[in-house]
Trainee: 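This is the structure I want to talk about, given as structure tokens.
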Protein chains: 2
Amino acid sequence: MARIRAVDRRLFLLIEIAARRLNREADKRLKADAGVSAAQAGVLFLLLRRGQRRMGSLSKTLSLNPPAVTGLVDRMVKAGLVTKTTDQTDGRGAMVALTAEGSEAAERADIVLRDLNAGLEARLGDEVSDILHDAFTRIVIAES
Amino acid sequence: MARIRAVDRRLFLLIEIAARRLNREADKRLKADAGVSAAQAGVLFLLLRRGQRRMGSLSKTLSLNPPAVTGLVDRMVKAGLVTKTTDQTDGRGAMVALTAEGSEAAERADIVLRDLNAGLEARLGDEVSDILHDAFTRIVIAES
DNA sequence: GCCGATTCGTTCGTTTCCGAAAGAAACCGG
DNA sequence: CCGGTTTCTTTCGGAAACGAACGAATCGGC
């Protein structure tokens, strides 16, 4: 408690530290139960919910720079989770789609995420969870 | 009434994305105005507020794994922001302290952080800021 | 049809972070 | 005082993210 007093007036630092903790927790569980990292789970989740997507779309939705997406997707291709092909309608674009193996991993990851989410919201309480959700949605959406 | 809890709510992913955006924003401003990265600013802020600290203390407070602290501090030593010496009272410990240059950078970083913080809290509103602050403090403190 | 401008993704170099394991120093029971 | 344990830090290998710069493909004005 006294340990974090030095940063407790800096929401920026606080969020950074909390996000690190949550990500570490999620990464561990996801690797154990679904065999994928937290970053990969984000991609799988998107592809599962919305179908195949182009690199640029992933970049925007996940708020990742293009080089980060390239590296992330390449590792997932190597792991057999997704395929990357040239977009038929635009030769510049690269389309990312789930493989059968990727779909299974995405389902497992979805369950883990749901569970983690329930735990987090239980810790925070429903009301706070709603406020948090709204606040972060606003931050994320806030014009890119 | 509270809005319907969407099935695809994933606070974990949302926080991750939001934290990435905030960190990117902070990093950019800090590099421009104070000449340090966001991660380095966290260390500077701590040392400025609470004086010299050992590696393990930084690790705990910032919730960073030991190897991350080693790399981070080493780069800061190279940049002339801090010094790293053996703890007098415990030969195992390495003590990290601000240099004169580091103190100046810390002051500048503090101003930038204060400004960023004010902007973020203005975007969120006082009430939400307080709730967010409490929530994240709880997350950070939880199971240290 | 042609060429410059734009869009899209990748490559490059660096920073930041992780887990696992090794190394060094202090502590402690006998 | 001494061997084993504990504590603290570093080394190692890899994943993930950034900005800057580059090349390939498309689009738009002429």
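The sequence lines fix the lettering, A, B, ..., with proteins before strands; numbering per chain opens at 1. Here the structure is a predicted model, which means the values were calculated and not measured.
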Trainee: When we call it a touch if two heavy atoms are under 4.0 Å apart, what does A:K84 touch: a base, just sugar-phosphate, or nothing?
Mentor: sugar-phosphate
Trainee: Name every residue in residues 27-40 of chain A that has at least one heavy atom under 4.0 Å from any atom of DNA chain D, in order of residue number, or write none if there are no such residues.
Mentor: A:S37, A:A39
Trainee: What integer distance in Å separates A:R92:CZ from C:dC8:P?
Mentor: 6 Å
Trainee: List the steps and the verdict of salt bridge (charged side-chain N to carboxylate O under 4.0 Å, His left out) for A:R114 and A:D110.
Mentor: CA-CA 6 Å; A:R114 198 172 316 178; A:D110 197 22; 3.1 Å; yes
Trainee: Kindly point out which of C:dA26, C:dG9, D:dG19 is positioned nearest to the side chain of A:A94?
Mentor: C:dG9
Trainee: Between A:L64 and A:D90, which residue's closest nucleotide on DNA chain D lies nearer the 5′ terminus?
Mentor: A:L64
Trainee: Mind calculating the distance between CD (A:E25) and P (C:dC17) to the nearest angstrom?
Mentor: 19 Å
Trainee: Measure from CD1 on A:I17 to P on C:dC18 and round the result to the nearest Å.
Mentor: 11 Å
Trainee: Could you walk me through whether B:F12 and A:F136 pass the ring-ring contact (aromatic ring centres under 6.0 Å, His included) test, one step at a time?
Mentor: CA-CA 11 Å; B:F12 263 84; A:F136 280 98; over 10 Å; no
Trainee: Quickly work out the B:R20 CZ to D:dA16 P distance and round it to whole Å.
Mentor: 11 Å
Trainee: What is the distance, to the nearest angstrom, from the CZ atom on B:R54 to the C1' atom on D:dT7?
Mentor: 9 Å
Trainee: Examine C:dC17: is either OP1 or OP2 under 4.0 Å from a nitrogen or oxygen in the side chain of A:R24? Give yes or no.
Mentor: no
Trainee: Tell me: CZ of B:R21 to P of D:dA17, nearest whole Å?
Mentor: 14 Å
Trainee: Have B:S63 and A:R24 got a donor and an acceptor in their side chains that come within less than 3.5 Å?
Mentor: yes
Trainee: So which of residues 65-76 of chain A are in contact with DNA chain C, with a heavy-atom cut-off of under 4.0 Å?
Mentor: A:P66, A:P67, A:T70
Trainee: Is a side-chain N or O of A:R54 found less than 3.5 angstrom from the main chain of A:M95, in a donor-acceptor match?
Mentor: no
Trainee: Please give, in whole Å, the distance from C:dC17 C1' to B:E16 CD?
Mentor: 13 Å
Trainee: Would you name the heavy atoms of A:L11 and B:H133 that are closest together and state the gap between them?
Mentor: CD1-CA, 4.0 Å
Trainee: Where is the tightest heavy-atom contact between B:L30 and B:A41, given as atom of each residue plus distance?
Mentor: CD1-CB, 3.7 Å
Trainee: Using a 3.5 Å distance criterion without hydrogens, assess whether the side chain of B:D90 forms a donor-acceptor pair with backbone atoms of B:R92.
Mentor: yes
Trainee: D:dA24 C1' sits how many Å from A:D87 CG, rounded?
Mentor: 15 Å
Trainee: Filter on side chain to side chain donor-acceptor pair (under 3.5 Å), then keep only pairs touching residues 95-105 of chain A, sequence neighbours left out; what's left?
Mentor: none
Trainee: Quick one: does A:R29's side chain have a donor or acceptor within less than 3.5 Å of a partner on A:L113's backbone?
Mentor: no
